[in-house]
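One structure below.
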Amino acid sequence: MAIVGKKFPSVSIDAMSDMGDDLKINVFEEAVNKNSKVLLFWYPKDFTFVCPTELHAFQAALPEFEQRNTIVIGASCDTNEVHFAWLNTPKDNGGIEGVTYPILADTHRQLSGLLDILDQEVHYDEEGNESFSGSNVSFRATYLIDETGKVFHESVNDMPLGRNVKEYLRLIDAYTHVQKHGEVCPANWEEGKEAMNANRTGVAEYLAAN
């Protein structure tokens, strides 16, 4: 279910801070009340393999997101207790010690279910009885949300595929350029490159120069 161009669901979810504080976070309200962009990234499971590489990658880029007035929030379907145990596991032992942004604990699948990002399929037999298959954890979904709570990017990776953090910085730069200048950003646009007007003349001039 695509929600690009729509408001992000306004739902409060349990979360864990790096200091061990139990939190309640509403991603929509984080964006609107703090007048900030939000990057929300989901990963399948704590204490796994690709996941810690991503959490550390987002942590390493945290100053760059902060420069862009963007809040970073992680999320999975693990409990707060498991999150805290992983936050206290050293990096050289597969842990995420040193990660400072909050991590949602969507144990009831309330938000991930609304977003339709769970690895789960429902099957019915001839008598209408339900059965389920899949891991019932989230895929690697990523949402970029603007200051009004509107989603301006979403993507979903399968479990084995780690994300490119730099691409989300590029997308935030591009969207910010659109907000500030009213221009649109062509393929492979990066900060400092030429954008274009969203009309026939604009695209013709851009293509002629590039």
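Remember, it's a predicted structure, so these values are computed and weren't measured experimentally.
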Looking at every non-hydrogen atom in both residues, tell me the closest pair between [X] and [Y] and how far apart they are.
| X | Y | answer |
| --- | --- | --- |
| S155 | Y168 | OG-OH, 3.5 Å |
| G162 | V50 | CA-CG1, 3.9 Å |
| V178 | E183 | CG2-O, 3.2 Å |
| V72 | P102 | O-CD, 3.8 Å |
| C77 | S138 | SG-N, 4.4 Å |
| L87 | V99 | CD2-O, 3.7 Å |

For [Y], does its backbone N or O pair with a side-chain atom of [X] as donor and acceptor, under 3.5 Å?
| X | Y | result |
| --- | --- | --- |
| S36 | T70 | no |
| T89 | A85 | yes |
| D146 | T148 | yes |
| D173 | E191 | no |
| Y43 | P52 | no |
| R140 | P44 | no |
| N197 | N199 | no |
| R68 | E64 | yes |
| Q110 | I13 | no |

Within this structure, what is the [atom1]-[atom2] distance for the pair [X] and [Y], rounded to the nearest 0.5 Å?
| X | Y | atom1 | atom2 | answer |
| --- | --- | --- | --- | --- |
| F41 | L144 | CZ | CG | 12.0 Å |
| I103 | L23 | CD1 | CG | 10.5 Å |
| Q120 | N136 | CD | CG | 4.0 Å |
| K6 | I145 | NZ | CD1 | 14.5 Å |
| N164 | E167 | CG | CD | 6.5 Å |
| H181 | T176 | NE2 | OG1 | 9.5 Å |

In one Ile/Leu/Val/Met/Phe/Trp/Tyr side-chain cluster, 4.5 Å: [X], [Y]:
| X | Y | answer |
| --- | --- | --- |
| I73 | L39 | no |
| V151 | L114 | yes |
| I71 | L62 | no |
| Y175 | V165 | yes |
| V4 | Y143 | yes |

Beyond-backbone contact of [X] with [Y], side-chain heavy atoms, under 4.5 angstrom:
| X | Y | answer |
| --- | --- | --- |
| S76 | K45 | no |
| R109 | L115 | no |
| L40 | F8 | yes |
| W189 | H177 | yes |
| K37 | N69 | no |
| W42 | L111 | yes |
| M159 | F139 | yes |
| E194 | N210 | yes |

Within the 3.5 Å criterion, strictly below it, is a donor on [X] or [Y] matched to an acceptor on the partner's side chain?
| X | Y | answer |
| --- | --- | --- |
| R163 | T142 | yes |
| Q59 | K91 | no |
| N80 | D14 | no |

Check: Which of parallel (below 30°), tilted (30 to 60°) and perpendicular (above 60°) describes F47 and W86?
Finding: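 Geometry flag for W86 against F47: tilted rings.
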Notebook entry, point to check: Hey, what's the ring geometry for F65 with F58, parallel, tilted or perpendicular (30° and 60° as the breaks)?
Noted result: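 Aromatic pair F65/F58 classed tilted.
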Next item on the list: With side-chain contact (heavy atoms from CB on, under 4.5 Å) as the test, would you mind laying out the steps for Y206 and V184 before giving the verdict?
Entry: CA-CA 11 Å; Y206 178 85; V184 293; over 6 Å; no
Check: Would the number of heavy atoms belonging to other residues, nucleotides or ligands and lying under 6.0 Å from NZ of K166 be above 12?
Finding: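 No, because the 6.0 Å sphere around NZ of K166 holds 12 heavy atoms or fewer from other groups.
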Item checked: From CA spacing to verdict: side-chain contact (heavy atoms from CB on, under 4.5 Å), Y101, L55 -> CA-CA 9 Å; Y101 49 81; L55 274 84; 3.4 Å; yes
Item checked: Test side chain to side chain donor-acceptor pair (under 3.5 Å) applied to H83 and D46, D18, D78, the passing residue ->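 Going through the options one by one, the only one that passes is D46.
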